[in-house]
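Structure first, then comments.
Note that the structure is predicted; figures quoted are calculated from it, not measured. For the single chain, residues carry numbers from 1 onward in sequence order. Note that ligands are numbered from 1 as they come in the structure, with each ligand's atoms numbered from 1 the same way. Below, all heavy atoms of this structure are taken into account, side chains as well, without hydrogens, waters or symmetry copies.
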Amino acid sequence: MNQIADLSAGLACPIPLSEYKNVLLAHGGGGKLTQTLIQKMFASRFDNQMLDILHDGAVFPGGSPRYAFSTDSYVIKPIFFPGGDIGELAVNGTVNDLAMCGAKPLYLSSAFIIEEGLPMDDLWKIVLSMKAAADRSGVSLVTGDTKVVDRGKGDGIFINTSGIGAVLPHAEIDPRNARRGDRIIVNGPIAVHGIAIMSVREGLEFDTEIRSDTAPLNGLVERILKAGKDVHVLRDPTRGGVASAVNEIAQSSGKGILLDEEALPIGEQVRGACEILGFDPLYVANEGKLLAFVAAGSAGRVLQEMRSHPLGKESVIIGEVVDDHPGIAVMKSRVGGTRVVDMLSGEQLPRIC
Ligand code: MG
């Protein structure tokens with residue numbers, strides 16, 4: 001028996017066969033099943049101080065500046081969509097995870113897994129758009145890898161990007177830091193990316209095309225951190241949407257989250273599409289949005305600064321952090337009642353990023 005087999009002897013798979021014998025699409029959906037997979041399968045074996053925080057990236061301890069490190073893979077279908085493509089998304093996504101750590105993104109790696117038969121011209125379009133996205137956010141792509149897999153085994157192209165950023169001075173952003181009274185600010189209308197992708201897949205047509213909101217948020221984050229020292233948490237509500245993001249923060253911080261339904265910014269066309277497709281916009285993915293948890297005393301100033309940035313013009317406060325119902329997110333509805341906002345369970349939008 002080799003050493004690895006030795007090590008695994010006696011260690012049963014932490015996800016019982018009786019629960020899930022095989023990986024499901026929903027294990028990649030960003031909701032409950034993803035969380036279970038990450039916590040039981042990966043975090044339980046690789047546990048360490050940096051990973052256990054379950055932040056958007058790891059912040060290295062010690063040294064000045066501190067560095068943030070993050071990675072993400074992109075398997076979106078279709079690879080070209082209204083408002084972007086898999087290349088732009090792959091750059092912006094990792095840039096944003098670094099920004100959510102309060103870091104200025106510096107260097108990216110990119111690994112391409114390409115299916116035999118992908119048109120060379122498509123690959124070139126993706127490369128051009130990655131370069132444009134990198135320039136826009138001020139990062140350099142400094143290392144990479146290319147693999148090609150057999151026809152029929154790769155669905156066009158998959159891209160992994162990893163990135164390193166320098167944590168901005170005084171930034172103490174951590175999902176455990178949410179405090180009672182923090183206001184939760186979002187930088188504009190939610191659910192746009194997910195609906196842009198689903199509209200293409202479902203062949204829905206609108207008066208004006210719904211385009212993905214994919215964008216690099218590092219400039220906006222710099223603006224936010226300059227405006228207020230009391231910024232406690234930043235999170236980009238990607239897969240699983242705002243609902244999953246606030247649940248993650250509630251769990252990490254042990255605080256309660258209270259959202260205000262009336263304050264949630266949702267575009268008219270997106271709302272209509274959600275109704276047609278049967279989606280709750282709170283669970284639909286965003287790729288150019290962030291949630292900022294800011295102490296009440298600084299929230300007004302931060303909001304004002306955000307609104308002066310091109311990617312924050314429509315920023316609004318959508319809720320606050322409370323001591324009640326620790327670890328749970330709740331929404332005050334338009335008619336005055338409240339309901340629990342759970343994590344996404346099951347699969348809503350596979351292959352959305
Ligand atoms: Mg993220």
Heteroatom N/O/S of Asp56 within less than 2.8 Å of the Mg ion (ligand 1): yes
Residues Arg235, Glu248: salt bridge by 4.0 Å N-O rule: yes
N, O or S atom within Asp236 nearest to the Mg ion (ligand 1), by name: OD1
Nearest heavy atoms of Pro265 and Val316, plus distance in Å: CG-CG2, 3.6 Å
Atom nearest to the Mg ion (ligand 1) - Asp97, N, O or S atoms considered: OD1
Distance under 6.0 Å and angle within 45° of ring axis: Lys147 vs Phe112: no
Lys/Arg-Asp/Glu bridge criterion (N-O < 4.0 Å) met for Arg179, Glu320: no
